[in-house]
S.K.: 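I have a structure I would like to understand better, so I am pasting it below and will then ask my questions one at a time.
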Amino acid sequence: MTEYCYEYQLVCDIVRENFGEQVTEVAKFLYVAGPQSVREIRSGTKLPVEVIRKALCVLLQHQMVTFVEVVRGGSLVTQYKLLSNNVCLRLRFPQYVSQMNQQYGKQGEALMEVLLERGIVSTRQLLQEAVARSTVDAAGSVASEQVEYSAAKRAFKEMCAGGYVVRAERMVHATDVPTASKQDTAAELALLGGSSEAPAASTSPEPEKRKSKGKGKDKDKDKEHKKRKHKHDGKEKDKEKEKHPSRRRKLDEGKEVAVEPSEGLVSINTSPEMMLLSGQLGVPDAASTSVMPIPETTAPPPPQLLTETESAAFSGTVDTTHSEAAELETLWRVSFQQFLVDARKQACIALVSEKIDSTAGHIIRAMFELSRNGTESVDVNALHHALISNTTTKELSTVSLSTLQNYLEVMCKDKTQPVGRRYVPGSRDPGNLFSLNLNNMVSVLKQKMVESVIHDKFGPRSFRIFRILVLKKVLESKQICEFAMISPTETRERLYQLHSAKYIHMQEVPKSADHAPARTMYFWTVRYDETRRVVCGEVYKAISNLRARLAAELARASEAIIKYTSQCPLSELEREQIEQLQITQERIEASVIHMDDMLMRLRDF
Amino acid sequence: MVYDVEPSREITGGAWYNEQDLDEDFIEVLHDQCYLFISNKSFASAEEVYHFIKESRVFEADLRLEDIQTVLNTLIFDGLVEDIRDPRGPAFSAKVLYKRARLDLPPNEFTHSPCSICPVFESCAPNGVVNPVVCPYLTAWNALPPQY
């Protein structure tokens, strides 16, 4: 539970800093309560429905919330779920921007900055803002916009090909859209035209449609008739309807009946997703909390990368003006998964390079490259060819097939087992296929990180005791004392120290019913997943503390900062304050980034 | 006891005990010597380490092969040494060899921050009496020179 409390604190801090109090209230409720519908959020947070919808829109825009449709009481209800991991990913944004700068230059950096700030952006808006940023950043010279635009387009294509940017998924399921032609036309106009007007309640599709499964229209009419029977007074009827309006839309042969939303219910035609798509809700800036401008957003197409035809149209090599215009309105988002895959790959290569040698690291890198094509197992000959054709490393060009075979054998027999052998019965060379054991490498990385924390925090002897328990599973303190060659007193003290920090666990096995200590055996063990969660929780809290301290320091020196940024003359004291603040800020931010890297290894790998 | 009768190791505690107390300094020195020997060689078996310790005549205590095995196990638990099967021998009865472990513990920033060693870490809260805004440990940490 402690880990979740600390994560909750960090999530609230990040959301509050970026999106304000109201969005934080919604995020807090979703974290604590789990997936909830808008109605439940309203009853939990006591915020107005409009505010909740806008807050959900903001969180959806920035991929911090996802929605699922569940069947409850025979009807479909949309529930929103907070993605706390994605919220914490905001700590990693500077690294993403830096990585894009290294790989794709300043255009890549500008594109990534816009995407991370906006969440989901259309191609047109993305390129315009990226060009504006990279033009402003150019020191002194003002490059022509056309050149910058072409460079930005090129970088954007490469980022898409690398998998760092993907199309934003549709927010509305196609099956939810009714098939009436008038509705389609109106919906399309609303979605594609980017109109700021609200779609007509009677014609727009409904993501929160209450479906009556397998029941005909007659049964609905009967039910309605039965309901009316019980309501004698017209006024009471109206009041009843206001309190508990019917949740079912009845399609009566082309005639549609719009449901008037009451205060307690979300309008099925003005759910957050629909309002986002129709352009009613805007994308907030980082600083804005209550006023949200209305952008021109359009319906996102299905999640696909650019096909060859589309990329050709996008690059302008194919003369399809209409398709290019439509392509410029396509919505895009950052694929955080790709960054994680890259980081994990680098960590695995570094692990093998350290464990064996650099050549083994290159072999693992080549196997990763080959696995991108979808092949699980790699033949030695294919791997040898891939290594030789890799022109970046000259030493690999002299690696012979037998040497490669030896390296693979060594890696198969190593304790970490980064590579596994795959036996294919009936094939010509059984056992000549090798595959990467990603699980093994990742578990070693996590284990080493946890052990590093224990070694630094409790000392080498406590580390030795922890390792004994990891290797031997369950032991008594006397056995631990013998294995570790530490005195019994010190062993007991260290065991209780680790136990109070919840890094190890004790199991009582009583010999008698009264649980008398003299007749009870106490076994010590390590529950590795729980230990890892404890470490994660402590890191969450440390990050929250450092961020709080940085915010306090910045608030304390706010006057000096205002003077410094407006280039007013500073006193000696203020100058020292600014210098100290810069050192503090760099130290804290570097520390937060490194601790987030730890979290990535422990939690996300 | 009679002078020419050697007491049992179960009573004396073996080579590790000196007058009923665990001789931690002796264990520590033996631990370092074994690690140095294994580091200088690519692979070493327990017998080779035992012969090295015996021939060095540094230690007066009567050490046995099992004692050296125990010390080598502590090297494994410390993550300094790894045990592997001798690749030259048959797979099912291969001798156990020891080699220096090449995987060091990764650096972690969490233990470099004062929060990791703070005695009141559990009590620390944003609006509490103990909070990061007025934390003296963070103040001292921030006051360190830039290279730390």
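Since the model is a prediction, treat every value here as computed from it, not as a measurement. Heavy atoms only: backbone and side chains are in, while hydrogens, waters and symmetry mates are out.
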S.K.: With respect to chain B, which residue among A:Leu471, A:Ile356, A:Ile583 yields the maximal number of heavy-atom pairs within a distance under 4.5 Å?
M.R.: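 That would be A:Ile356.
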S.K.: Checking A:Ala542 against chain B: side chain, backbone, both or neither under 4.5 Å from a heavy atom?
M.R.: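 Both backbone and side chain.
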S.K.: Quick check on A:Arg556 against chain B: is it the side chain, the backbone, both or neither that has a heavy atom closer than 4.5 Å?
M.R.: side chain
S.K.: Give a yes-or-no answer on whether the side chains of A:Ser477 and A:Arg492 include a donor-acceptor pair shorter than 3.5 Å.
M.R.: no
S.K.: Using a 4.5 Å heavy-atom cutoff, which residues in residues 69-78 of chain B come close to chain A?
M.R.: B:Thr70, B:Val71, B:Thr74, B:Ile76, B:Phe77, B:Asp78
S.K.: Tell me, do A:Ile543 and A:Tyr6 make a side-chain contact under 4.5 Å, heavy atoms counted?
M.R.: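 The answer is no; the side chains never approach within 4.5 Å.
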S.K.: Does any backbone or side-chain atom of A:Val444 lie under 4.5 Å from a heavy atom of chain B? Answer side chain, backbone, both or neither.
M.R.: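 Looking at A:Val444, just its side chain touches chain B.
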S.K.: I want to check something: taking the side chain as every heavy atom from C-beta on, are A:Ser353 and A:Ile349 in contact at a cut-off of under 4.5 Å?
M.R.: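 Yes, their side chains come closer than 4.5 Å.
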S.K.: For A:Ile468, is it the side chain, the backbone, both, or neither that has a heavy atom closer than 4.5 Å to a heavy atom of chain B?
M.R.: both
S.K.: Quick check on the interface: out of B:Pro126, B:Ala143, B:Cys124, who has the most heavy-atom pairs with chain A under 4.5 Å?
M.R.: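 That would be B:Cys124.
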S.K.: Could you check whether any side-chain heavy atom of A:Leu602 comes within less than 4.5 Å of a side-chain heavy atom of A:Val535, counting everything from C-beta outward?
M.R.: yes
S.K.: If I measure from the heavy atoms of chain B, does A:Leu351 come under 4.5 Å with its side chain, its backbone, both, or neither?
M.R.: both
S.K.: How about B:Thr111 and B:Asn108: does a side-chain donor come under 3.5 Å of a side-chain acceptor?
M.R.: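 Distance-only check passes for B:Thr111 and B:Asn108.
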S.K.: Side chain from CB out, backbone as N, CA, C, O: work out which of these in A:Lys415 comes under 4.5 Å of a heavy atom of chain B, or both, or neither.
M.R.: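 Only the side chain of A:Lys415 comes within 4.5 Å of chain B.
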S.K.: Check the surroundings of atom NZ in A:Lys502: do more than 12 heavy atoms from other residues, nucleotides or ligands lie under 6.0 Å from it?
M.R.: no
S.K.: Between A:Tyr31 (side chain) and A:Tyr4 (backbone), is there a donor-acceptor pair under 3.5 Å?
M.R.: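 Such a contact is found between A:Tyr31 side chain and A:Tyr4 backbone.
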S.K.: So which of A:Arg549, A:Arg464, A:His594 has the biggest tally of heavy-atom pairs under 4.5 Å with chain B?
M.R.: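 The answer is A:Arg549.
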S.K.: Let me know if A:Met598 has heavy atoms under 4.5 Å from chain B in its side chain, its backbone, both or neither.
M.R.: side chain
S.K.: Among the options A:Met449, A:Glu354, A:Lys413, A:Lys457, pick out the one with the most heavy-atom pairs lying under 4.5 Å from chain B.
M.R.: A:Glu354
S.K.: Hey, which of A:Phe483, A:Tyr503, A:Tyr528, A:Trp524 is the one that makes side-chain contact (heavy atoms from CB on, under 4.5 Å) with A:Leu469?
M.R.: A:Trp524
S.K.: Looking at A:Leu550, A:Val470, A:Val539, which has the largest count of heavy-atom pairs under 4.5 Å with chain B?
M.R.: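 Among A:Leu550, A:Val470, A:Val539, the one with the most close pairs to chain B is A:Val539.
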S.K.: With only heavy atoms counted, which part of A:Gln447 is less than 4.5 Å from chain B, the side chain, the backbone, both or neither?
M.R.: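 When you check distances to chain B, no heavy atom of A:Gln447 falls under 4.5 Å.
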S.K.: What part of B:Pro106 is in contact with chain A, defined as an atom under 4.5 angstrom from a non-hydrogen atom: side chain, backbone, both or neither?
M.R.: both
S.K.: Regarding A:Asp604 and A:Arg92, does a basic nitrogen lie under 4.0 Å from an acidic carboxylate oxygen?
M.R.: yes
S.K.: Who among A:Glu586, A:Arg461, A:Glu482 has the most heavy-atom pairs with chain B under 4.5 Å?
M.R.: A:Arg461
S.K.: Can you say whether B:Cys118 sits under 4.5 Å from chain A via the side chain, the backbone, both, or neither, judging by heavy atoms?
M.R.: neither
S.K.: Can you find a pair of side-chain heavy atoms, one from B:Gln33 and one from B:Phe37, that are under 4.5 Å apart?
M.R.: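 No; the side chains remain at least 4.5 Å from each other.
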S.K.: Do the side chain of A:Gln580 and the main chain of B:Asn142 share a donor and acceptor less than 3.5 angstrom apart?
M.R.: yes
S.K.: So for A:Glu553, is it side chain, backbone, both, or neither that comes closer than 4.5 Å to the heavy atoms of chain B?
M.R.: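 For A:Glu553, the side chain is the part near chain B, not the backbone.
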S.K.: Quick check against the 3.5 Å criterion: does A:Arg494 have a side-chain atom that pairs as donor or acceptor with the backbone of A:Phe458?
M.R.: yes
